[in-house]
Amino acid sequence: MFTAISAHVIAFATLLLTAIAALVSSIVAVKSLGASKRSLSADLCMRLEDRFDSVHIKSCRSRAAKSLLTHSNVEEAEDVLDFFETTGLLVRLKALNLEMVYSSFFHWANTYWNAAKPHIDLRRKTRKTLWQEFEYLYRKMIEIEKRKDASSVDLSPTPQLIEGNLVDEKDIYKET
């Protein structure tokens, strides 16, 4: 009888230890997954920064800024709006960390959203969902800006501030 009880106790203890080991392994795996996801998000954000600073996108940004400053050929701004549309989608799907994107792109997203808003509104008359991911990104970034500095001039940028930012952008790329 003592042997039968001992066998049950040993079996239960083994089962309990196996369960604890599985739980510990799961916790370690989840923590590793979180670290891995942050690392992947950081890598993707740095790649987007590289793309944003590429010769091609700088050329697009320059043309976009010129068109928004002159309110002519505003379609030239659409490649930049599309960049932020894709970035917004990646944030919404949690492939990119919002704080990282805010740190890297808030200044430009804020400038282009505010400068292009009349064009966006006009285009949405026929395509209602156009640049909705960019709008999502913009609104999330504004929430962060409010949290960090409730009196930030970027929360309600003046036309002069937007124009100054666009002037800087139009000179970002010089054709050789």
Side-chain angles (χ1 to χ4, degrees), residues 24-69 74-117 119-121 123-124 127-150 152-157 161-162 164-176:
V24 169
S25 293
S26 295
I27 291 169
V28 169
V30 167
K31 288 187 180 234
S32 293
L33 251 166
S36 177
K37 185 175 180 183
R38 281 189 301 280
S39 178
L40 288 171
S41 183
D43 182 59
L44 180 55
C45 193
M46 287 187 278
R47 287 174 190 242
L48 282 173
E49 286 176 0
D50 289 345
R51 181 167 178 238
F52 194 70
D53 288 333
S54 72
V55 171
H56 172 70
I57 297 294
K58 280 185 176 179
S59 173
C60 292
R61 288 166 54 193
S62 177
R63 287 191 314 274
K66 288 174 191 169
S67 71
L68 291 168
L69 282 166
V74 183
E75 297 78 22
E76 290 283 339
E78 292 185 4
D79 285 341
V80 176
L81 301 179
D82 290 344
F83 173 87
F84 289 113
E85 176 76 357
T86 301
T87 304
L89 175 64
L90 292 170
V91 167
R92 187 176 58 76
L93 295 176
K94 300 195 183 332
L96 269 174
N97 177 280
L98 175 62
E99 290 278 344
M100 289 178 196
V101 172
Y102 165 85
S103 178
S104 297
F105 298 110
F106 175 70
H107 169 77
W108 293 281
N110 192 41
T111 295
Y112 281 105
W113 178 261
N114 284 289
K117 188 69 169 88
H119 176 67
I120 292 167
D121 291 342
R123 292 289 311 276
R124 282 183 171 176
R127 294 184 61 203
K128 301 211 182 301
T129 61
L130 197 59
W131 297 302
Q132 70 182 11
E133 302 294 349
F134 182 10
E135 182 173 10
Y136 169 84
L137 176 65
Y138 168 75
R139 292 189 186 286
K140 289 296 187 181
M141 288 179 159
I142 287 295
E143 289 174 15
I144 294 172
E145 185 69 6
K146 281 180 188 172
R147 220 176 34 245
K148 289 182 179 268
D149 181 4
S152 170
V153 297
D154 291 315
L155 295 173
S156 296
L161 179 62
I162 294 167
N165 291 344
L166 290 174
V167 167
D168 291 343
E169 278 290 277
K170 82 175 177 57
D171 295 332
I172 195 114
Y173 175 80
K174 299 288 186 194
E175 293 188 53
T176 54

Test side-chain contact (heavy atoms from CB on, under 4.5 Å) applied to Leu130 and Ile120, step by step
CA-CA 8 Å; Leu130 197 59; Ile120 292 167; over 6 Å; no
Could you please spell out the steps behind the side-chain contact (heavy atoms from CB on, under 4.5 Å) verdict for Leu48 and Leu96?
CA-CA 10 Å; Leu48 282 173; Leu96 269 174; 3.4 Å; yes
Do [X] side-chain atoms and [Y] backbone N/O form a donor-acceptor pair below 3.5 Å?
X: Ser54; Y: Arg51; answer: yes
X: Thr87; Y: Phe83; answer: yes
X: Ser59; Y: Val55; answer: no

For [X] against [Y], the heavy-atom pair lying closest together:
X: Tyr138; Y: Ala109; result: CD1-O, 4.5 Å
X: Asp154; Y: Asn110; result: O-ND2, 3.0 Å
X: Ile142; Y: Phe106; result: CD1-CE1, 3.9 Å
X: Glu133; Y: Glu85; result: N-OE1, 3.0 Å
X: Lys170; Y: Ser62; result: O-OG, 2.6 Å
X: Ala77; Y: Ala64; result: CA-CB, 3.5 Å

So do [Y] and [X] actually touch side chain to side chain, heavy atoms under 4.5 Å?
X: Asp82; Y: Trp131; answer: yes
X: Met141; Y: Leu137; answer: yes
X: Arg92; Y: Lys140; answer: no
X: Val167; Y: Leu69; answer: yes
X: Leu90; Y: Val101; answer: no

How long is the gap from [atom1] on [X] to [atom2] on [Y], to the nearest 0.5 Å?
X: Glu145; Y: His107; atom1: CD; atom2: NE2; result: 11.5 Å
X: Leu81; Y: Thr86; atom1: CG; atom2: OG1; result: 11.0 Å
X: Asp50; Y: Ile57; atom1: CG; atom2: CD1; result: 12.0 Å
X: Lys58; Y: Glu169; atom1: NZ; atom2: CD; result: 9.5 Å
X: Trp113; Y: Phe84; atom1: CH2; atom2: CZ; result: 12.0 Å
X: Arg123; Y: Asp121; atom1: CZ; atom2: CG; result: 12.5 Å

Any donor-acceptor N or O pair under 3.5 Å, side chains Ser41, Asn97:
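Result is no, nothing qualifies.
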Taking atom types as modelled, is there a side-chain donor on Ser67 or Arg63 under 3.5 Å from an acceptor on the other?
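Short answer, no.
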Taking atom NZ of Lys146 as the centre, report whether more than 12 heavy atoms of other residues, nucleotides or ligands fall under 6.0 Å from it.
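No, NZ of Lys146 has 12 or fewer neighbouring heavy atoms, counting only those of other groups under 6.0 Å.
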Heavy-atom count around Arg124 CZ within 6.0 Å, excluding the residue itself: above 12?
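Yes.
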Do [Y] and [X] meet the salt-bridge criterion of a basic N to acidic O distance under 4.0 Å?
X: Glu143; Y: Arg139; value: no
X: Arg61; Y: Asp53; value: yes
X: Lys66; Y: Glu76; value: no
X: Glu99; Y: Arg147; value: yes

Side chain to side chain contact (heavy atoms under 4.5 Å, CB included), paired with Asn114, selected from Asn165, Ile162, Leu68
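Looking at Asn165, Ile162, Leu68, the match for Asn114 under the side chain to side chain contact (heavy atoms under 4.5 Å, CB included) is Ile162.
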Measure the acute angle between the ring planes of Phe52 and Phe105, then classify it against the limits of 30° and 60° as parallel, tilted or perpendicular.
perpendicular
